[in-house]
Amino acid sequence: MFRGNSAVCFPSAIAVLMLLFSSALQVKAAVYEDEVNLGLLIAANRDREAYIEMLNEFGKQNPQLKINYLATDDTGFRRQLDQWLDAELVDVTFSPAGNVLCRLARQGKIATLDQLWEENNWDSVFSNHVKNAVSCDGKIYGLPYGYYYWGVFYNKLIFKQFNLSIPETYEELLSINRTLSENGVVPFTLGSKNLWPTAAWFDYLNLRLNGLNFHHQLTAGKISFNDDKVRSIFVHWKRLIDQQTFIKNHRGLDWKQAMPFLYRGHAAMALSGAYLANQLPSEIEDNIGFFRFPRMNENMPFYENVPIETFVLNKLSSGNKAAVEMLKMAANNDTQVWLAKNLGYLSVYGDNKSYTTETAIAGIRTIKQAKGFSQYFDRNTRQDMIQPALRAFEQFMRDTDIEKAIEALEDSRRSVLE
């Protein structure tokens, strides 16, 4: 699928933000009955190429349509999304599941997909966890097309050298950390220069201690950070920092710069999303394993960070039949599997048999065994609370002052609710 020529022509390169309308996309002398405008998030060249092939295929199947698209990187997308929707520059656009999706829904900027979901029996192909993750206030707003797992990546040679087993409990993980530190190996590499990687530790400590519902209520600003359950998160986090769990210069490293410490054996582990696997040099790929973040509360099910990518329908475009047809095409099995593979995600359909590496198999198993999905801190949290919270996490990793961190988080929460 997605091979051959299309009636729709695309440029060979893409700027961080560009608008391609009729003159760039339509074939000369063609007569179009309708048009559809698509908003895309482009993180790498492979993303651009995959989306273009998808649109080429859609153009082949619907030669009566004129297809336009806007494209931006992650930073630009966060700035442009509302403008795209409000000005009706896009009919269908990318949106992460989580708070962004729900904010757009509650502001009336995107249309519900309940009827489309029911008409196409998408309950038969998407799990309840996925459906819940793309729903807000009991209604469905996102069409999922890819997701990925989070957990602990580890250097198998180091584990073998010190006769370490994959930890099932948090105490076992702490024991591993002590063994590694005593032998001159840093337990965890981390790149916190861009702040957001620190949030993974807050997420997982909270999910394992307090569960999914509390985590979502907290990141939505509905629960005070003065809650003792939040204090427990920081007590455990401080214990890790005091035991020198993290690489010393992590504040000077971004996440990519931090990963070679894992490859080369200077650090044994990294808490990361599956995007790390896409960065592994081929010669060391077999030496990197994966396990889910261990249990901390024996009564708490395993909830996981599983970021989900979705397409949403501009509410102003609810009557655009071409936009609805594009969503339906994006939902079919061939498109889902192909697009997820070429964007570096797992297929939300669950057809992931082509992933044969040990790491991918362990990650897929982690998703399947999860009792519910979270989206990652900066996807779950109110937009106006994200940066203050990330700064509070980074400061905490420097001074381990629990009360100071909680005060900063609570001040941020109160300020946005006033």
Side-chain angles (χ1 to χ4, degrees), residues 36-41 43 47 50-51 54 69-70 72 74 77-78 80-82 84-86 90-149 212 216 219-220 304-318 320 323-333 335-337 339-340 343 345-350 367 370 372-383:
V36 59
N37 303 310
L38 183 65
L40 300 174
L41 176 65
D47 297 355
Y51 285 128
M54 182 186 75
Y69 72 91
L70 286 165
T72 182
D74 185 63
F77 177 82
R78 290 178 183 275
Q80 297 294 331
L81 178 57
D82 288 81
W84 286 0
L85 292 168
D86 293 341
V90 295
D91 302 301
V92 174
T93 186
F94 161 86
S95 174
N99 178 67
V100 175
L101 185 75
C102 289
R103 177 182 64 79
L104 296 174
R106 289 164 184 156
Q107 292 176 349
K109 296 186 178 185
I110 56 177
T112 63
L113 302 182
D114 293 76
Q115 183 176 343
L116 193 60
W117 196 283
E118 182 178 354
E119 289 174 350
N120 292 276
N121 193 28
W122 287 340
D123 274 340
S124 67
V125 292
F126 298 121
S127 72
N128 284 333
H129 293 336
V130 170
K131 181 180 178 180
N132 290 337
V134 299
S135 298
C136 305
D137 304 322
K139 294 184 179 295
I140 304 165
Y141 287 93
L143 171 69
Y145 65 90
Y147 61 6
Y148 60 94
Y149 52 89
L212 187 63
H216 283 172
T219 54
E304 306 295 342
N305 267 339
V306 183
I308 298 174
E309 316 293 24
T310 81
F311 287 124
V312 297
L313 177 63
N314 191 336
K315 194 166 185 178
L316 299 174
S317 306
S318 298
N320 186 328
V324 172
E325 288 302 311
M326 177 164 283
L327 285 173
K328 288 165 67 175
M329 178 192 166
N332 75 50
N333 181 75
T335 309
Q336 286 270 320
V337 174
L339 192 57
L343 292 174
Y345 301 129
L346 297 174
S347 169
V348 188
Y349 263 50
I367 289 177
F373 297 162
S374 187
Q375 292 301 300
Y376 198 76
F377 186 85
D378 60 3
R379 292 185 173 209
N380 287 328
T381 303
R382 288 178 53 116
Q383 186 70 27

Could you check whether Glu309 pairs with Arg379 (Lys NZ or Arg NE/NH1/NH2 to Asp/Glu carboxylate O, under 4.0 Å)? yes
Do the non-hydrogen side-chain atoms of Leu41 and Asp47 ever get within less than 4.5 Å of each other? no
Which word best sums up how the rings of Phe311 and Tyr145 line up, parallel for under 30°, tilted for 30 to 60°, or perpendicular for over 60°? parallel
Rounded at 0.5 Å granularity, tell me how far CG in Asn305 sits from CZ in Phe373. 11.0 Å
Pair Thr335-Asn332, side-chain hydrogen bond (donor to acceptor under 3.5 Å, both in side chains): steps then yes or no: CA-CA 6 Å; Thr335 309; Asn332 75 50; 2.9 Å; yes
Would you call Leu85 and Leu81 a side-chain contact if the rule is heavy atoms closer than 4.5 Å? yes
How long is the span from the CD1 atom in Ile308 to the CG atom in Leu143, to the nearest 0.5 Å? 11.5 Å
Residues Asp91 and Ser317: side-chain donor-acceptor under 3.5 angstrom: yes
Sorted by chain and residue number, the ring-ring contact (aromatic ring centres under 6.0 Å, His included) partners of Tyr147 (sequence neighbours excluded) come out as none
For Val348 and Pro144 the tightest heavy-atom approach is CG1-CB, 4.0 Å
Is Asn99 close to Thr219 at the side-chain level, that is, under 4.5 Å between some pair of heavy atoms? no
Whether Tyr349 and Phe126 hold their rings parallel, tilted or perpendicular, with breakpoints at 30° and 60°: perpendicular
Decide, yes or no, whether a salt bridge links Asp82 with Arg103 under the criterion of side-chain N to carboxylate O below 4.0 Å. yes
For the OG1 atom of Thr93 and the CG atom of Leu40, what is their distance to the nearest 0.5 Å? 7.0 Å
Contact between Val134 and Trp117 at the side-chain level, heavy atoms closer than 4.5 Å - yes or no? yes
Close side-chain approach of Val306 to Tyr149, heavy-atom, < 4.5 Å: no
Any Ser135 side-chain heavy atom under 4.5 Å of Tyr141 side chain: no
Out of curiosity, Gln115 CD to Ile140 CD1, how far, rounded to the nearest 0.5 Å? 11.5 Å
Any chance you could lay out the side chain to side chain contact (heavy atoms under 4.5 Å, CB included) test for Ile110 and Leu101, step after step, and finish with the verdict? CA-CA 9 Å; Ile110 56 177; Leu101 185 75; 3.9 Å; yes
